[in-house]
Amino acid sequence: MSDKAGDMARAAIAPELLAGFAAAGTAVISDNLQRLPGAIGLRPFHRGGTMVGRALTVRTAAGDNLTIHKALELIRPGDVLVVDGGGDTGRALVGEIMAAVAQSRGAAGMVIDGAVRDARALSQSDFPCFARAAIHRGPYKNGPGELEVPVSIGGMLVRHGDIVVGDEDGVVAFPAAGAAALLTAVQAQMAHEAEMLRSIAEGRYVGAYGR
C-alpha cells in the first residue's frame with residue numbers, strides 16, 4: 001500500500017470517540033457487534049489498563065519479525081501495532097526493546113498473534129501488550145511480510161485503520177466508519193447495566209422472567 005493510501009486508511013479518529021471506547025469494556029462492545037468480532041486466545045501481558053487506537057497492521061512469517069521492525073518506522077501517535085504471526089508461539093516476535101520503541105513513538109499498544117518475550121518487564125509496564133504466549137526464543141529476521149493489509153488475529157479480521165480496543169477480557173476491532181453509532185449503543189447498554197446493578201444492590205431487581 002502506498003504511503004498516501006496508508007494515511008487515508010489511518011485517518012484521524014475523533015478523540016471523543018476513542019475516549020468513549022476507552023471507558024467501555026470489550027465485553028459490552030462485543031455485545032453490540034453481535035458478539036462476532038473478537039480475538040480468541042490472546043491475553044494482556046502489561047500491568048493493566050485499557051488500550052484503544054487505530055490499527056497499523058502487519059502480516060509476518062511465523063517466528064520472523066523483520067516486517068515488524070519496518071512497521072516501527074511507520075508508527076504515528078495513537079496507532080496500535082497489530083501483528084498477524086499466524087498464532088505461532090515457537091519464537092517471540094517482540095520483546096521489551098521493541099515495545100519501548102513503539103511506546104516512544106506514540107503507539108497506543110501492541111496486539112501480537114504470536115509470542116512475546118521479556119514477560120517480566122512487559123508485566124511491569126503500563127504500555128498495552130496483548131499476545132498468545134511468552135517464550136525466551138528470539139525471532140528470525142528474514143521475512144517475508146506485508147504492511148497495512150487485512151490480517152487475522154485470533155480468528156478476528158482486522159483492517160488497517162480499524163479501531164482496536166483491548167482490556168482484561170481481550171481484544172476487539174471494528175471499522176472506524178459507524179463507530180459513533182456503535183458508541184451510542186455501547187453507552188446505552190452501560191447505562192442499562194449500571195441501573196440493573198443499582199436495583200440488585202437496593203433489592204429491587206426482577207429478572208427477565210420475574211421473581
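Remember, it's a predicted structure, so these values are computed and weren't measured experimentally.
Between the D88 side chain and the G85 main chain, no donor and acceptor come within less than 3.5 Å of each other. Using a distance-only test at 3.5 Å, with no hydrogens or angles considered, no donor-acceptor pair links the side chain of D162 to the main chain of A55. Of the possible polar contacts, none joining the S125 side chain to the L122 backbone as a donor-acceptor pair under 3.5 Å is found. Judged by distance alone, the side chain of R54 and the main-chain N or O of P77 form a donor-acceptor pair under 3.5 Å.
Within a 6.0 Å sphere centred on CD of E202, heavy atoms belonging to other residues, nucleotides or ligands number more than 12. Counted within 6.0 Å of CG on L36, heavy atoms from surrounding residues, nucleotides or ligands total more than 12; the atom is thus considered enclosed.
Under the side chain to side chain donor-acceptor pair (under 3.5 Å) criterion, R105 pairs with E73, sequence neighbours left out. When the side chain to side chain donor-acceptor pair (under 3.5 Å) test is applied to K70, no partner is found at least two apart in sequence or on another chain. Every residue was checked against the side chain to side chain donor-acceptor pair (under 3.5 Å) condition with D84, not counting sequence neighbours, and none meets it.
Here the CG-CZ distance, from D169 to R43, works out to 14.5 Å after rounding to the nearest 0.5 Å. Distance check, rounded to the nearest 0.5 Å: CD of Q103 to SG of C129 gives 11.0 Å. Once rounded to the nearest 0.5 Å, the distance linking OG1 of T50 with CD of E168 reads 6.0 Å. Put simply, CD1 on I112 and OG1 on T60 are 10.0 Å apart, with the number rounded to the nearest 0.5 Å. Atom CD1 of I200 and atom OH of Y205 lie 6.0 Å apart (nearest 0.5 Å). Once rounded to the nearest 0.5 Å, the distance linking CZ of R91 with NE2 of H136 reads 9.0 Å.
L56 has its side chain within reach of H160: a pair of non-hydrogen atoms, C-beta onward, lies under 4.5 Å apart. The shortest side-chain heavy-atom distance between M51 and M110 does not fall under the 4.5 Å cut-off. V116 is not listed as a side-chain neighbour of D118, based on a closest heavy-atom distance of 4.5 Å or more. V186 places a side-chain heavy atom less than 4.5 Å from the side chain of M190. Using a 4.5 Å cut-off on side-chain heavy atoms (C-beta onward), V94 and N65 make no contact. In this structure, the side chains of I153 and L42 come closer than 4.5 Å at one or more pairs of heavy atoms. At a threshold of 4.5 Å between non-hydrogen side-chain atoms, the residues E195 and R204 count as touching.
Nearest heavy atoms, S30 versus P37: OG-O, 3.9 Å. The shortest heavy-atom contact between E96 and A121 is CD-CB, 3.5 Å. The two residues P150 and L157 make their nearest non-hydrogen contact at CB-CD1, 3.9 Å. Shown here for V58 and A71, the closest heavy-atom pair between the two residues is CG2-CB, 3.6 Å. Among all heavy-atom pairs drawn from G143 and A61, the shortest one is O-CB, 4.0 Å. The nearest pair of heavy atoms linking A179 to I163 is CB-CD1, 3.7 Å.
There is no path of hydrophobic side-chain contacts, each under 4.5 Å, that joins V80 to I40. Cluster annotation: I135 and V111 are assigned to distinct hydrophobic clusters (Ile/Leu/Val/Met/Phe/Trp/Tyr, side-chain heavy-atom contacts under 4.5 Å, transitive). Hydrophobic clustering keeps V82 apart from L66 (ILVMFWY residues linked when any side-chain heavy atoms are closer than 4.5 Å, directly or through intermediates).
For residues 129-141, the salt bridge (Lys or Arg N to Asp or Glu O under 4.0 Å) pairs, not counting sequence neighbours, are D113-R132. Listed by first then second residue, pairs satisfying salt bridge (Lys or Arg N to Asp or Glu O under 4.0 Å) with a partner in residues 26-39 read D31-R35, not counting sequence neighbours.
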Could you go through residues 19-29 and list every donor-acceptor pair under 3.5 Å that involves a side-chain atom there, pairing it with any protein atom two or more places apart or in another chain?
| from | atom 1 | to | atom 2 | distance (Å) |
| --- | --- | --- | --- | --- |
| T26 | OG1 | D167 | OD1 | 2.7 |
| T26 | OG1 | D167 | OD2 | 3.4 |

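In summary, of the residues considered (L183, V52, L182), a side-chain contact (heavy atoms from CB on, under 4.5 Å) with L17 occurs for L183 alone.
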